[in-house]
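Scroll down for the structure; my scribbles are underneath it.
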Amino acid sequence: MTIGEALKWARQVLEREKVEGGRASAEFLLRKVIGKDKAYLHTHDEESLMERDEQKYREWVEKRSKHEPVWYITGEIEFMGLDLHVTTDVLIPRPETELMIERILSEFTGKSGARILDVGTGSGTIILSLAKKLGLDNTYMASDVSSEALSVANKNAVSNELDALVEFRAGDLLSPWQGVRFNLITANLPYVPHEDMESLALDLIHYEPRLALDGGKAGMEIYERFLRELSGYLDEDGVAFLEIGYNQGALITKIVQDSMPKASVEVIGDYADIDRIVIIRA
């Protein structure tokens, strides 16, 4: 099978199974199999695949045909200069999270001595990105209720040579950090309304961890618990950055105002102007 034949076959399989982004998936998986870039695929379409590469590609396309995300198939994703290991125990990092990290960096770059905490760290995406960009002059901590997720985060810290900078703890929300106050707390907690879970795309509902998606009634149950505790962990000049979902800005603003009357709240939209980032200043 040549490169061109492999791509044509894969596209047909994925289109037949109504896989979203089938063409892009076919190219991405083949690039990962043979270790070449996109341009190589299109300039060497008559080159024959090695037998082991063809077999691996067929296996990967079969998995994608069942709507398994390509990053779970390959086990890796690139995010803000980090090479991250991902499994079905953690969410796949998304561009919206990159937007939140960029906003944090605009505020904390050049500062030193900050105590930074990421709650519900998952694969470690947020805390490792901040540690890489902000450097040695701050203290980085992260926690998750899932021991499987923490295993992935630890592996990513080691592979990106950031393990000496970040302390990970297991536990529910802020409970692992009693007695500690932070200058910055970040959180990307479950915010999908429970009643919307079954309407999610197949890639999400069948492969990404439900624990990291289901936010209960109106998607705010976990954030409500988190916000009731937040004031006890933020320094007097501390700030929290949260990622939320569609049309949740007004709801979470009210929750913050009820639990932290003196705090200021700012809601920022994403690239589609959808409520996405909440900034809370103590």
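One-based numbering along the sequence shown. Just so we're clear, the structure is a prediction, and the values are computed from it rather than from any experiment.
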Can you confirm whether [X] is buried at [atom1], in the sense that more than 12 heavy atoms of other residues, nucleotides or ligands lie under 6.0 Å from that atom?
X	atom1	value
Glu195	CD	yes
Lys111	NZ	yes
Arg23	CZ	no
Leu211	CG	no
Trp60	CH2	yes

Less than 4.5 Å apart, any side-chain heavy atom of [X] and any of [Y]?
X	Y	value
Val265	Ile252	no
Val86	Pro93	yes
Leu84	Trp71	no
Ile101	Lys133	no
Ile126	Met100	yes
Leu227	Leu242	yes

Hey, could you give me the [atom1]/[atom2] distance between [X] and [Y], rounded to the nearest 0.5 Å?
X	Y	atom1	atom2	value
Met141	Phe168	CE	CZ	12.0 Å
Leu117	Glu167	CG	CD	10.0 Å
Lys63	Leu29	NZ	CG	10.5 Å

Parallel, tilted or perpendicular: rings of Tyr223 and Phe226 (30°, 60°): perpendicular

[Y] backbone acceptor or donor facing [X] side chain under 3.5 Å:
X	Y	answer
Asn156	Ser123	yes
Glu27	Lys38	no
Arg276	Gly269	no
Asp235	Asp237	no
Asp172	Val145	no
Asp144	Gly122	yes
Glu78	Gly81	yes
His85	Gly75	yes
Gln248	Tyr191	yes
Arg228	Ser259	no

Under 3.5 Å, is there a donor-acceptor pair between the [X] and [Y] side chains?
X	Y	result
Glu51	Gln55	no
Thr74	Glu76	no
Thr186	Asp118	yes

Does [X] share a hydrophobic cluster with [Y], counting links as ILVMFWY side-chain heavy atoms below 4.5 Å and allowing steps through other members?
X	Y	answer
Ile244	Tyr271	no
Leu130	Leu189	no
Val90	Ile73	yes
Ile116	Leu234	no
Val61	Phe28	yes

Closest contact, heavy atoms only, Ile3 versus Leu41: CG2-O, 3.6 Å

Considering all heavy atoms, the nearest Leu251-Met220 contact: CD2-CG, 3.3 Å

Stepwise side chain to side chain contact (heavy atoms under 4.5 Å, CB included) test for Tyr72 and Glu208: CA-CA 9 Å; Tyr72 288 151; Glu208 299 209 46; 3.4 Å; yes

[X] with [Y]: basic N within carboxylate O range, under 4.0 Å:
X	Y	answer
Glu107	Arg103	no
Glu47	Lys36	no
Glu221	Arg225	no

Side chain to side chain contact (heavy atoms under 4.5 Å, CB included) evaluation trace for Thr109 with Leu134: CA-CA 6 Å; Thr109 297; Leu134 296 177; 3.8 Å; yes

Ignoring hydrogens and angles, write down the donor-acceptor pairs under 3.5 Å from the side chains of residues 7-16, residues two or more places apart or on other chains.
none

Residues in ring pair (Phe, Tyr, Trp, His ring centres under 6.0 Å) contact with Tyr246, at least two apart in sequence or another chain: none

Sequence-distant partners of His194, ring pair (Phe, Tyr, Trp, His ring centres under 6.0 Å), two or more places apart: none

